[in-house]
Amino acid sequence: MDKIKMTTPLVEMDGDEMTRILWQMIKDELLTPFIELNTEYYDLGLEHRNETNDQVTVDSANATKKYGVAVKCATITPNAARMTEYDLKEMWKSPNGTIRAMLDGTVFRTPIIVKGIEPCVKNWKKPITIARHAYGDVYKNTEMVIPGPGKVELVYTAEDGTETREVVHNYTKAGIAQGMHNIDDSIESFARSCFNYALDLKQDLWFATKDTISKKYDHTFKDIFQEIFDKEYADRFKEAGITYFYTLIDDAVARVMKAEGGFIWACKNYDGDVMSDMVSSAFGSLAMMTSVLVSPQGYYEYEAAHGTVQRHYYKHLKGEETSTNSVATIFAWTGALRKRGELDGNQELMDFADRLEKATLSTIESGKMTKDLALITSLENVTVLNSQDFIKEIRKTLEN
Ligand code: NAP
Ligand code: MG
């Protein structure tokens with residue numbers, strides 16, 4: 001059988017720990033036997049980030065801007081313990097944060113649905129994709145503890161020195177105060193990424209804020225979305241047969257619980273933080289959740305939503321058997337390969353991505369799975385496989 005050819009390279013960002021081990025296994029067993037893999041390789045493993053003073057992360061993000069599509073392995077975000085463990089020169093920033101800032105992108109997280117792993121919410125039949133605005137609000141706030149009586153004001157000083165003031169509160173007793181901000185540009189990028197991704201997936205887009213209470217702050221989010229939709233996307237949505245739906249956040253939450261899924265839910269930063277954990281745990285497992293960073297210019301970076309699975313890696317280093325779930329990492333590859341195929345008009349590559357996803361899911365549906373899934377499946381007669389054997393089993397399914 002001839003291997004599938006690729007005309008444009010895919011940006012490959014390797015990573016750390018157990019997911020780095022899975023990464024190689026996936027390439028060896030599920031990709032290179034079938035595709036003449038054409039990737040531009042960046043090693044984002046912590047050692048190499050440290051050697052290059054994190055330049056490799058910046059280079060990989062620039063390569064994503066050049067080629068349009070990247071696939072990323074989970075990476076360690078250094079903390080104090082990692083400084084010692086890896087003898088780091090500096091506490092390098094989160095690669096995801098660096099890449100997201102450079103691409104000005106929005107992260108979309110989608111659960112992978114498979115028979116035998118049922119969502120806790122029984123009417124959820126299709127995935128719900130959460131898009132989280134990853135800039136500002138309470139995550140970049142300024143806070144004050146107010147010790148006693150006095151006045152707190154918001155003061156805007158324009159470049160010419162003129163001041164505009166709003167009283168936050170006249171305190172008669174001790175209390176607290178908080179200042180938050182956002183930027184129109186960032187909200188616009190968020191909106192465009194969401195509209196583009198909805199068109200990509202041909203799924204409805206929902207967006208919600210608390211604009212009835214927050215008449216300027218949240219209302220600006222609502223207005224920016226609506227303006228961009230009307231000007232740039234309304235016709236394309238109509239053509240694609242999808243809708244943009246705005247409502248209040250509490251109404252959205254109530255509707256989501258009763259919906260059957262199959263839509264994208266755009267959330268402000270805090271709502272996205274909270275709701276993505278709710279949606280992912282209700283769907284079953286972080287190991288069954290993919291994540292894609294979409295920039296308003298249409299650059300894509302695919303990855304798994306989970307981390308480097310450190311605990312399993314230490315077992316692996318001790319020579320103990322691991323049963324780490326590779327599904328989200330496989331789907332990161334298939335997502336990226338399909339998008340590469342779509343941009344290059346490479347139908348074979350797109351078909352291969354579909355086949356590999358199907359083979360992965362039918363392997364699980366046939367009762368062969370990793371331990372994390374075996375613990376929550378409704379299937380009977382389950383065979384628990386180790387990390388390597390699960391991937392080999394997928395290959396068998398793929399070749400049948
Ligand atoms: P994690 O790697 O997601 O793992 C947390 C736990 O979840 C694991 O110990 C395991 O539970 C379970 N788990 C996650 N993925 C699994 C999989 N594929 N198969 C089976 N079980 C899975 O999170 P963490 O341990 O908090 O973080 C480890 C490192 O990952 C950190 O250095 C962090 O900075 C990094 N991280 C990176 C990213 C990213 O690159 N996008 C995201 C998050 C975290 P059991 O141990 O109970 O089996
Ligand atoms: Mg969170």
Side-chain angles (χ1 to χ4, degrees), residues 12-23 25-26 42-50 54 56-57 60-61 70-86 88 91-101 103 105-112 114 117 132 134 273 276-277 280-281 283-293 301-318 320-333 335-336 360 364 369-377 384-391 394:
E12 176 184 353
M13 306 169 176
D14 207 344
D16 288 300
E17 299 195 310
M18 200 59 210
T19 40
R20 188 180 179 99
I21 309 280
L22 297 178
W23 195 258
M25 289 179 186
I26 292 167
Y42 293 86
D43 183 2
L44 267 56
L46 187 49
E47 276 155 16
H48 194 239
R49 272 183 278 150
N50 192 51
D54 210 23
V56 64
T57 306
S60 73
V71 58
K72 180 179 169 293
C73 179
T75 46
I76 293 169
T77 299
N79 55 16
R82 301 296 199 170
M83 293 287 290
T84 331
E85 185 183 354
Y86 285 84
L88 300 179
M91 202 184 284
W92 307 112
K93 284 194 215 135
S94 144
N96 287 53
T98 303
I99 296 165
R100 195 167 61 212
L103 299 186
T106 297
V107 173
F108 296 82
R109 281 180 149 202
T110 309
I112 300 159
V114 58
I117 314 290
R132 174 179 172 190
D273 186 354
S276 68
D277 280 12
S280 65
S281 50
F283 268 108
S285 160
L286 207 56
M288 296 293 282
M289 178 80 57
T290 59
S291 186
V292 55
L293 177 75
E301 182 244 301
Y302 293 82
E303 64 174 329
H306 59 76
T308 61
V309 211
Q310 182 180 14
R311 203 181 66 82
H312 296 208
Y313 180 60
Y314 288 159
K315 278 178 74 178
H316 171 84
L317 288 182
K318 280 193 256 166
E320 289 172 33
E321 190 169 85
T322 59
S323 180
T324 314
N325 188 334
S326 47
V327 173
T329 307
I330 294 171
F331 273 61
W333 274 100
T360 305
I364 297 169
M369 59 189 79
T370 45
K371 192 173 153 197
D372 57 310
L373 296 184
L375 289 171
I376 56 171
T377 186
V384 179
L385 298 172
N386 66 33
S387 309
Q388 174 92 56
D389 287 350
F390 177 62
I391 290 170
I394 295 171

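Heads up: numbering here begins at 1 and tracks the sequence. One-based numbering, in listed order, for ligands and for the atoms of each.
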So, for [atom], does the protein have a heavy atom nearer than 4.0 Å?
atom	result
atom 38 (C) of ligand 1	yes
atom 15 (N) of ligand 1	yes
atom 27 (O) of ligand 1	no
atom 7 (O) of ligand 1	no
atom 30 (O) of ligand 1	yes

Residue pair [X] / [Y], side-chain heavy-atom distance below 4.5 Å:
X	Y	answer
K72	L293	no
T377	I117	yes
Y86	N50	no
F390	L22	no
E85	I76	no
E17	V309	no

Could you tell me the residue and atom name of the protein heavy atom closest to [atom], and the distance to it rounded to 0.1 Å?
atom	result
atom 12 (C) of ligand 1	V309 CG1, 4.7 Å
atom 40 (O) of ligand 1	T75 N, 3.0 Å
atom 45 (P) of ligand 1	R311 NH2, 3.5 Å
atom 19 (N) of ligand 1	N325 N, 3.0 Å
atom 33 (C) of ligand 1	T77 N, 4.1 Å

*Hey, mind stepping through I21 and Y313 against side chain to side chain contact (heavy atoms under 4.5 Å, CB included) and telling me if it holds?*
CA-CA 9 Å; I21 309 280; Y313 180 60; 4.2 Å; yes
Where ligand 1 meets [X] - atom numbers and elements under 4.0 angstrom, heavy-atom basis:
X	answer
H312	10 (C), 20 (C), 21 (N), 45 (P), 46 (O), 48 (O)
K72	40 (O)
A74	40 (O)

*Would you say K371 touches ligand 1, if touching means a heavy atom closer than 4.0 Å?*
no
_Whether R82 lies under 4.0 Å from ligand 1, heavy atom_ =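 R82 counts as a contact of ligand 1 under the 4.0 Å cut-off.
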_side-chain contact (heavy atoms from CB on, under 4.5 Å) partner of L46, chosen from D54, T77, T75, L88_ = L88
*With M288, which of T110, I364, D372 fulfils side-chain contact (heavy atoms from CB on, under 4.5 Å)?*
I364
*Between M369 and N325, does a side chain to side chain contact (heavy atoms under 4.5 Å, CB included) hold up when you go through it step by step?*
CA-CA 8 Å; M369 59 189 79; N325 188 334; over 6 Å; no
*Under 3.5 Å, side chain of R100 to main-chain N/O of G105, donor-acceptor pair present?*
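Flag not set: sc R100 to bb G105 has no pair under 3.5 Å.
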*asked:* I'd like the name of whichever of A287, G307, A328, G97 reaches closest to atom 42 (C) of ligand 1 through any heavy atom.
replied: G307
_With a heavy-atom distance limit of 4.0 Å, tell me whether N96 approaches ligand 1 through its side chain, its backbone, both, or neither._
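Near ligand 1, N96 shows its side chain, while the N, CA, C and O stay back.
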*Could you say whether the N/O atoms of E17 and ligand 1 ever approach to under 3.5 Å?*
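Min N/O separation from ligand 1 is not below 3.5 Å for E17.
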*Would you say T308 has any N or O atom under 3.5 Å from an N or O of ligand 1, going by distance alone?*
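Yes, at least one N or O pair falls under 3.5 Å.
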_I need the single residue from D43, D16, T98, T57 that forms a side chain to side chain donor-acceptor pair (under 3.5 Å) with R49. Which is it?_
D16
